2 protein chains.
Amino acid sequence: MPDGAPVTAVEETYTISQLAEAFELTPRTIRYYEDEGLLTPRREGQQRVYTHRDWARLKLIMRGKRLGFTIAGIKDFLDLYEVGDAQVPQMRFLLSSARDRIATLEQQLRDVQQTLVDLKEIEGLVVDHLARKGALDA
Amino acid sequence: MPDGAPVTAVEETYTISQLAEAFELTPRTIRYYEDEGLLTPRREGQQRVYTHRDWARLKLIMRGKRLGFTIAGIKDFLDLYEVGDAQVPQMRFLLSSARDRIATLEQQLRDVQQTLVDLKEIEGLVVDHLARKGALDA
DNA sequence: CCTTACGTTTACGTAAACGTAAAGTGAGAG
DNA sequence: CTCTCACTTTACGTTTACGTAAACGTAAGG
């Protein structure tokens with residue numbers, strides 16, 4: 001292996017509009033996430049260069065949004081994934097944050113399940129009602 | 001049974017601040033929900049009088065909020081519970097609305113479950129890390 | 001060189017979900 | 001009658017999560 005050759009292949013990168021299209025966001029939104037500290041792409045000249053790591057973060061961001069979290073809440077959540085080099089006091093904080101979030105998510109899980117039960121009952125009622133009227137086609 | 005006696009007992013009612021306290025909301029918020037058509041209390045003079053039905057609706061509203069729905073979205077959702085006297089075209093619409101919502105909730109269910117998996121893994125890592133440092137007390 | 005395409009910063013605009021202050025109403029206590 | 005207290009309406013203020021317009025940089029293509 002020649003001297004100084006990088007072990008990892010040339011990492012694939014993305015422009016802001018590639019990310020935007022992939023996630024169905026606008027560039028404006030992605031820059032906003034940067035302002036809020038959710039993404040920190042490097043610069044090449046003045047242009048932003050995104051890596052596969054930013055891609056992964058965006059996936060988490062989208063999931064957080066579907067779950068109804070605020071951007072600030074999502075940032076806190078993303079920080080939990082950065083456990084690598086934390087010191088003990090910081091770790092204790094992370095642990096308690098993670099556990100808080102687990103608790104609210106478990107509440108949310110119950111809410112979703114109960115709402116699904118409700119909605120499926122409604123669905124049954126409506127289907128039934130339509131059947132009695134012989135209007136169940138389509 | 002005496003003439004004209006009501007079959008149902010005198011229904012229990014609530015003032016706005018009773019509801020506010022019970023659900024940890026402000027009266028302002030509850031009036032706002034009325035402006036948006038989520039609640040329609042009757043009036044006694046100028047005062048709002050809430051019944052057990054409004055109580056039930058508020059429970060659904062709170063659940064909707066925990067799930068991250070918008071107020072307008074929650075209103076649509078509440079309307080689904082009013083299936084009683086709908087006509088066939090309206091029912092078809094209700095059915096499709098309910099099914100749409102079921103779909104997004106099932107996505108949300110998957111999101112919550114996956115996030116819980118992630119977070120519990122993080123929790124495990126952190127606990128582990130703290131253990132190796134012999135800092136697991138408290 | 002000019003245009004086109006994509007990127008950038010700066011900055012004001014907007015919708016949603018309330019907060020908050022101002023000013024008035026009605027019923028009961030003293 | 002006055003005071004208080006809870007309730008009311010009206011209306012402007014605030015935060016979040018972007019949209020949108022202006023003005024500019026830069027590289028590629030004709």
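On a predicted model such as this, the values are computed, not experimentally measured, just so you know.
B:I74 places its CD1 atom 13 Å from the C1' atom of C:dC18, with the value rounded to the nearest Å. As a whole-Å value, the separation of B:D35 CG from D:dT10 C1' is 11 Å. Atom CG of B:L19 and atom P of D:dA6 are 16 Å apart (whole Å). What separates CG of A:L25 from P of D:dC18 is a distance of 8 Å, to the nearest Å. Taking atom CZ of B:R66 as the reference point, atom P of C:dA17 lies 17 Å away to the nearest angstrom. Straight-line distance from the CD atom of B:E34 to the P atom of C:dC18: 15 Å, rounded to whole Å. Rounded to a whole Å, the NZ atom of A:K75 is 13 Å from the P atom of D:dA17. Across the protein-nucleic acid pair, B:E21 atom CD and D:dC7 atom P stand 11 Å apart, rounded to whole Å.
In this structure, A:R57 fails the cation-pi test against A:Y81, since its NZ or CZ atom is not both closer than 6.0 Å to the six-membered ring centre and inside 45 degrees of the ring normal. Both cation-pi conditions hold for B:R101 and B:F69: the charged atom is under 6.0 angstrom from the six-membered ring centre and inside a 45 degree cone around its axis.
A close approach under 4.0 Å does occur between a side-chain nitrogen or oxygen of B:Y33 and OP1 or OP2 of C:dC18. Taking only side-chain nitrogens and oxygens, A:T29 comes nearer than 4.0 Å to OP1 or OP2 of D:dG19. Put simply, B:K65 has no side-chain N or O that comes within less than 4.0 Å of OP1 or OP2 on C:dA16.
A salt bridge links B:R66 with A:D111; the closest basic N to acidic carboxylate O contact falls under 4.0 Å. Using a 4.0 Å cut-off between a side-chain N of Lys or Arg and a carboxylate O of Asp or Glu, A:D35 and A:R31 do not qualify as a salt bridge. Taking a cutoff of 4.0 Å between a charged side-chain nitrogen and a carboxylate oxygen, A:R28 and A:E34 do not qualify as a salt bridge. Ion pairing between B:E82 and B:K75 fails under the 4.0 Å rule for side-chain N and carboxylate O.
Using five terminal pairs a side, the axes of the helix from C:dC1-D:dG30 to C:dG30-D:dC1 at its two ends make an angle of 20°, given in steps of 10 degrees.
Minimum heavy-atom separation, B:V112 to A:L105: CG1-O, 3.6 Å. Nearest heavy atom pair, residue A:W55 against residue A:F23, reads O-CZ, 3.6 Å.
With 3.5 Å as the limit, one finds a donor-acceptor pair spanning the side chains of B:Q107 and B:R110.
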Contact letters for nucleotides 5-10 of chain C, in which S counts primed atoms plus P, OP1 and OP2 and B counts the base, heavy atoms under 4.0 Å: -SSBB-
